[in-house]
There are 2 protein chains.
Amino acid sequence: MAKQVVPEGARQRRRPTRAGTVLSEEMIVHTALRVLREHGSAGLTARRLGAALGADPSTLYRYFAGMDELTRAIGDELMGRALAGWTASGEWRADLRALGRAIHAAYLAHPQAAVLTASRVTGRPREIAVDETILGILRGAGLPDPVAVRVYHAFIDQSLAFAALDAGSLALADETRAVDEEMWRSTYAHLPADSHPNIAATAQLLARRMPHSAYPAALEMLLEHTAAQLARAGE
Amino acid sequence: MAKQVVPEGARQRRRPTRAGTVLSEEMIVHTALRVLREHGSAGLTARRLGAALGADPSTLYRYFAGMDELTRAIGDELMGRALAGWTASGEWRADLRALGRAIHAAYLAHPQAAVLTASRVTGRPREIAVDETILGILRGAGLPDPVAVRVYHAFIDQSLAFAALDAGSLALADETRAVDEEMWRSTYAHLPADSHPNIAATAQLLARRMPHSAYPAALEMLLEHTAAQLARAGE
DNA sequence: GGTGTAAGGTCAACCCTGTTGGCATAAGGC
DNA sequence: GCCTTATGCCAACAGGGTTGACCTTACACC
């Protein structure tokens, strides 16, 4: 059993599995992403992942201490992709906007994985790299440290929180043929106007708006707020 | 088996369980909240809830189609509590702020339950009542319908998203003796300054800030933004 | 008040899950 | 080419959601 997981860097022997594949943390995580996409956010099981890898489920415990650690590794993979799909321009506002959208997009590209991971701090390398980058942008813009930290906190939490929420409805839509969005059209559109006047009056607008993400709007609010803080700091 | 779940309103016969308790949707949900608090967000199981109720696990299927529907009922209970802990003053900004904090507080009062439910739209009565209330505040303030719907969307998603995220770390803290917050103090505080200069420079501030919620700050940003929209609409 | 019906509680069983102890085997340092 | 031991595999465990069949008793009706 996996009394001790060998860290990826220290791995020397690479013994092929019975099916012939050679495992690695990276390929396990990649396969897990595929399994998640194909079988939904609750469909990632040790047995299924083992089958997809052509390996015994228990082999996974040679690479990760448990399904929980594997989950965190998946989250870190998404963070890595977010950072990979981003380049610095030097203009803080554009950079922060682009990074926020990159994070949001990276998670929404794998909604089933995002549901599992977006509401968890992993403490893994690529998540830390993202944190470092954000703080760098804010401090580079000239924000005093206490303000930078406050904005950083709101930024990362907001990005992850919306990623989790938006991924939730996206994954649900994938998995259950848009039950959720249908809810808006069916349930909300037919509420009696006398008991729910405001929903009734805006039902059309709601049905059009709810399937989209509120993240871009929230992000712009944060940028606006940050600009105001920056102006105040510069006085 | 529960081929058909009898809706609570239509329930007529109330047969006591072997242990003598008389079940109802309400008491099942209440008991589930207790079980969640005592056993953590992953500790709500049909068998355990049955034991806590003094009933066979399969009895639950007479009241809910499955654990999933039970989960949604729990979420709706939290929404109901949020709305119950709120009173209208007539001033839109104060009302919206109070409602946002009430939602956030209601969820954080049951972090383990919030983790399970906050990232899901339930479509149940009390959630709808909250939606109606928010729209009422915004439209009552004089926002044009399209703007009201946009702000409503950002408001409810932001509130739920932060509730889920904050509840996550709160529940984790309860369950694993603050592993997460310790991460900030241990992992982040000891990153070398040459590879992570920005984290290193703000480590103290981060350790102080991260255990708190960024929701109040985000909420104020949304209120500010809404006020600006209102001023523009009034021109 | 007696009777019939079926709601609602119970039991046993199904197949699934994560996880582990013991074992076999082959990779790679020497 | 040998030896060590990392790494893959097998079998088994406890506990998960869910269901089909059964039993019992609360209520509607006469």
Side-chain angles (χ1 to χ4, degrees), chain A residues 1-28 31-32 35-36 39-74 116 175, chain B residues 1-28 31-32 35-36 39-74 116 175:
Chain A
M1 16 20 330
K3 293 184 176 180
Q4 204 154 344
V5 173
V6 176
E8 186 69 9
R11 221 164 257 278
Q12 305 212 327
R13 305 187 186 180
R14 306 219 89 112
R15 180 176 165 185
T17 188
R18 172 151 296 190
T21 51
V22 175
L23 301 180
S24 69
E25 273 194 20
E26 194 192 354
M27 91 152 294
I28 292 177
T31 308
V35 170
L36 278 167
H39 297 278
S41 55
L44 180 68
T45 69
R47 294 188 214 293
R48 183 131 54 194
L49 181 53
L53 287 164
D56 188 88
S58 64
T59 307
L60 297 170
Y61 291 82
R62 300 278 184 207
Y63 290 83
F64 301 96
M67 291 304 280
D68 193 80
E69 198 190 300
L70 169 61
T71 301
R72 281 175 29 236
I74 293 171
L116 282 189
E175 288 165 25
Chain B
M1 10 26 317
K3 292 184 176 176
Q4 205 154 345
V5 173
V6 176
E8 185 70 8
R11 223 164 255 279
Q12 306 212 327
R13 307 189 185 179
R14 306 217 89 112
R15 176 176 165 188
T17 189
R18 171 151 296 190
T21 51
V22 175
L23 301 179
S24 69
E25 274 195 19
E26 194 192 354
M27 91 153 293
I28 292 176
T31 307
V35 169
L36 278 167
H39 294 92
S41 55
L44 181 68
T45 69
R47 296 193 213 294
R48 181 132 55 193
L49 180 53
L53 287 164
D56 189 90
S58 64
T59 307
L60 296 171
Y61 291 81
R62 300 278 183 205
Y63 290 84
F64 301 95
M67 291 304 281
D68 193 80
E69 198 190 301
L70 170 61
T71 301
R72 286 186 11 247
I74 294 171
L116 282 189
E175 288 164 25

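Chain letters run A, B, ... following the sequence lines, proteins first and then strands; every chain starts at 1.
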Can you measure [X] atom [atom1] to [N] atom [atom2] for me and round it to whole angstrom units?
X        : N       : atom1 : atom2 : answer
Leu23(B) : dA7(C)  : CG    : P     : 17 Å
Ile28(A) : dT7(D)  : CD1   : P     : 11 Å
Met67(A) : dT20(C) : CE    : P     : 13 Å
Tyr61(A) : dC10(D) : OH    : P     : 17 Å
Leu53(B) : dT10(C) : CG    : C1'   : 14 Å
Asp56(B) : dA12(C) : CG    : C1'   : 10 Å
Glu69(B) : dT18(D) : CD    : P     : 11 Å
Leu60(B) : dG9(C)  : CG    : P     : 10 Å

Sugar-phosphate, base or nothing in reach of Ser58(B), heavy atoms under 4.0 Å:
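Base: the residue Ser58(B), judged by heavy atoms under 4.0 Å, touches a nucleobase.
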
Under 4.0 angstrom, heavy atoms only, what part of the nucleic acid is Thr45(B) near: base, sugar-phosphate, or nothing?
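The answer is sugar-phosphate, as Thr45(B) gets under 4.0 Å only of primed atoms, P, OP1 or OP2.
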
Detail all sub-3.5 Å separations between protein N/O atoms and N/O atoms belonging to nucleotides 26-30 of chain C.
residue, atom, partner, partner atom, Å
dA27(C), N3, Arg13(A), NH1, 3.3
dG28(C), OP1, Gln12(A), O, 3.1

Does a side-chain N or O from Thr17(A) land closer than 4.0 Å to OP1 or OP2 of dG8(D), or not?
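No, outside the criterion.
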
Taking only side-chain N and O atoms of Tyr63(A), does any of them lie within less than 4.0 angstrom of OP1 or OP2 on dG8(D)?
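Yes, because at least one side-chain N or O of Tyr63(A) sits under 4.0 Å from OP1 or OP2 of dG8(D).
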
Once hydrogens and angles are ignored, does a donor-acceptor distance under 3.5 Å link the base of dG15(D) to the side chain of Arg47(B)?
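Between dG15(D) and Arg47(B), which were checked side chain against base, a qualifying N/O pair under 3.5 Å is absent.
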
Distance-only donor-acceptor test, Arg62(A) side-chain atoms vs dG8(D) base atoms, 3.5 Å
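Such a pair is found, so the answer is yes.
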
Quantified as the angle between the terminal helix axes (five pairs each), what is the overall bend of the helix from dG1(C)-dC30(D) to dC30(C)-dG1(D) to 10 degrees?
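If I round to tens, the end axes sit 30° apart.
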
For a quick test of reading the model, state the closest non-hydrogen atom pair linking Met67(B) to Thr45(B) and the distance between them.
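Where Met67(B) meets Thr45(B) most closely, the heavy atoms are CE-C, 3.9 Å.
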
Close side-chain approach of Leu49(A) to Leu60(A), heavy-atom, < 4.5 Å:
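Yes, at least one pair of side-chain atoms sits under 4.5 Å.
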
